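Just so you know, these numbers use all the heavy atoms, side chains as well, and skip hydrogens, waters and symmetry mates. Just so it is clear, the model here is predicted, and its values are computed rather than measured.
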Amino acid sequence: MPADLEEKTDRYERLLAEALDAAEVAPPEGTPMADAAAECEEMARSYLEDGRHFRDEDDPVNALASFSYGHAWLDAGARIGLFDVPEEGHLFTV
């Protein structure tokens, strides 16, 4: 049975918000890698805000896409070492 769009959108929003809380910038401040981490985090936060906007506009498809894209920015950053993240659990694929 396919997942319900509303339930899936809610779940992805929670996952992105939790992932943002859990991710910590790994490189030392003032380095190019720290700047890259900050940019990735900013993109993830922007996609979280966009997704919430789309949800408020009754557009769950674009909300879900935004939450997914935001999480992808964090996940990719974690995989290349921009973020320290929990290795156990459901938030990241490291």
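Hydrophobic clustering, with ILVMFWY side chains joined whenever heavy atoms are under 4.5 angstrom apart, keeps F54 apart from L5.
You'll find the side chain of R11 stays beyond 4.5 Å of the side chain of L64, heavy atoms only. Within the 4.5 Å cutoff, side-chain heavy atoms of C40 are placed close to those of F83. Side chains of P86 and F92 form a contact here, defined as non-hydrogen atoms less than 4.5 Å apart. The shortest distance between side-chain heavy atoms of W73 and E39 does not fall below 4.5 Å.
For V25 against A37, the heavy-atom pair with the smallest separation is CG1-CB, 3.8 Å. Considering all non-hydrogen atoms of both residues, G70 and A44 come closest at O-CB, 3.4 Å. For the pair R55 and A63, the tightest heavy-atom approach, listed with the atom from each and the gap, is N-CB, 3.9 Å. Considering all non-hydrogen atoms of both residues, G81 and A26 come closest at O-CB, 3.5 Å.
More than 12 heavy atoms of other residues, nucleotides or ligands lie within 6.0 Å of CG in D56, so this atom counts as buried by the packing criterion. Counting heavy-atom neighbours within 6.0 Å of E88 CD, excluding the residue itself, gives a total of 12 or less.
In terms of modelled atom types and a separation under 3.5 Å, the side chain of T31 and the main chain of P27 share no donor-acceptor contact. Side chain of H71 to backbone of L91: a donor-acceptor contact under 3.5 angstrom is found.
Note that the CD atom of E57 and the CG atom of N62 stand 11.0 Å from one another [nearest 0.5 Å]. Taking CG of L15 as the reference point, atom CG of L48 lies at 11.5 Å (rounded to 0.5 Å). Rounding to the nearest 0.5 Å gives a distance of 8.5 Å between CG of D4 and OG1 of T9. Atom OH of Y12 sits about 13.5 Å away from atom OG of S66, to the nearest 0.5 Å. To the nearest 0.5 Å, atoms CZ (R14) and NE2 (H90) are separated by 8.5 Å.
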Between F67 and K8, is the side chain to side chain contact (heavy atoms under 4.5 Å, CB included) condition met? List the steps.
CA-CA 10 Å; F67 299 143; K8 192 170 193 174; over 6 Å; no
What do the steps show when you test L82 against L74 for side chain to side chain contact (heavy atoms under 4.5 Å, CB included), and what is the final call?
CA-CA 9 Å; L82 297 179; L74 290 179; over 6 Å; no
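With respect to the salt-bridge test (charged N to carboxylate O, under 4.0 angstrom), the residues R45 and E49 do not qualify.
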